[in-house]
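A quick write-up on the structure given underneath.
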Amino acid sequence: MTPEQKKLLNIFILGIAFMFMFTAFQTCGNVAQTVLSSLNNTDFHGSGYTSMAIIYGVFSTSNLIAPSVVALIGTQLSMFFSGIFYSAYIAMFIQPFTWSFYTLSVLIGIAAAGEWCMFYILRICQYV
C-alpha cells in the first residue's frame with residue numbers, strides 16, 4: 001500500500017467513525033426530551049433541553065483551552081477520550097440517572113471541544 005493509499009484509507013475510516021458517532025449523538029440529542037419524559041421513574045428529574053444547554057455551554061467555553069489540551073495529549077488520545085465520552089453519553093440512555101445525565105453532559109461538552117479542535121488540526125496539517 002502506497003503512502004497516498006494509506007492516507008486515503010485513514011481519511012475514509014475517520015469519516016465513517018465520525019458519521020456513526022455523530023449520527024448516534026444527534027439522534028440522542030433530538031429525542032432526549034421525548035424519551036426522558038416517557039420514563040416511569042420517579043427518581044429521574046433530568047431534562048433533555050437542560051442537557052443540550054449544558055453540552056453546548058461547556059463546549060463553547062472549552063474551546064478556549066481545547067487547542068492546548070489537544071497539543072499536550074495528542075490527536076490520537078483526543079479522539080480516544082472523545083469517543084469514550086460520546087459512547088458513555090449514548091449508553092446512559094439505557095438506564096438514566098439524573099447525576100450521570102448531567103455529568104456526562106459536561107464531559108461530552110469538553111470532549112466535543114477536543115474532538116472538533118483535533119479535526120481542524122488534522123485538516124490544517126493536510127491529513128484530511
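Predicted model only: the values in this text are computed from it and were never measured.
- Between L9 and M1, the shortest heavy-atom contact is CD2-CE, 4.0 Å.
- Counted within 6.0 Å of CZ on F93, heavy atoms from surrounding residues, nucleotides or ligands total more than 12; the atom is thus considered enclosed.
- Classified by interplanar angle (parallel below 30°, tilted 30° to 60°, perpendicular above 60°), the ring pair F25/Y86 is perpendicular.
- A single hydrophobic cluster is seen to contain both F80 and I73, as judged by linkage of ILVMFWY side chains at heavy-atom distances under 4.5 Å, directly or through other members.
- Heavy-atom neighbours of Q76 CD from other residues, nucleotides or ligands within 6.0 Å: at or below the threshold of 12.
- When side chains are defined from C-beta on, K7 does not count as touching T2, because their heavy atoms never get closer than 4.5 Å.
- Side chain of S100 to main chain of F97: a donor-acceptor pair is present (N/O by atom type, distance under 3.5 Å, no hydrogens or angles).
- Here the CZ-CD1 distance, from F85 to I108, works out to 10.0 Å after rounding to the nearest 0.5 Å.
- Looking at every heavy atom in both residues, F22 comes nearest to E115 through CZ-CG, 4.1 Å.
- Rounded to the nearest 0.5 Å, atoms CG (L14) and CG (N10) are 8.5 Å apart.
- Contact between F101 and S47 at its shortest, heavy atoms only, is CE2-O, 3.4 Å.
- The shortest heavy-atom contact between M21 and I90 is O-CD1, 4.3 Å.
- The cluster map of Ile, Leu, Val, Met, Phe, Trp and Tyr, joined by side-chain heavy atoms under 4.5 Å apart, puts Y56 and L104 in the same cluster.
- S87 OG to M92 CE: the interatomic distance, rounded to the nearest 0.5 Å, is 12.5 Å.
- V106 has its side chain out of reach of T103: every pair of non-hydrogen atoms, C-beta onward, lies at least 4.5 Å apart.
- A pairwise comparison of heavy atoms in Y102 and G46 identifies OH-CA, 3.3 Å as the closest pair.
- For the atom pair OG (S78) and CG (L72), the distance works out to 11.0 Å, reported to the nearest 0.5 Å.
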Donor-acceptor pairs under 3.5 angstrom involving side-chain atoms of residues 62-69: please list them, not counting sequence neighbours.
{"from": "S62", "atom 1": "OG", "to": "V58", "atom 2": "O", "distance (Å)": "2.8"}
{"from": "N63", "atom 1": "ND2", "to": "F59", "atom 2": "O", "distance (Å)": "3.1"}

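- In this structure, I55 and S105 approach most closely via the heavy-atom pair CG1-O, 3.4 Å.
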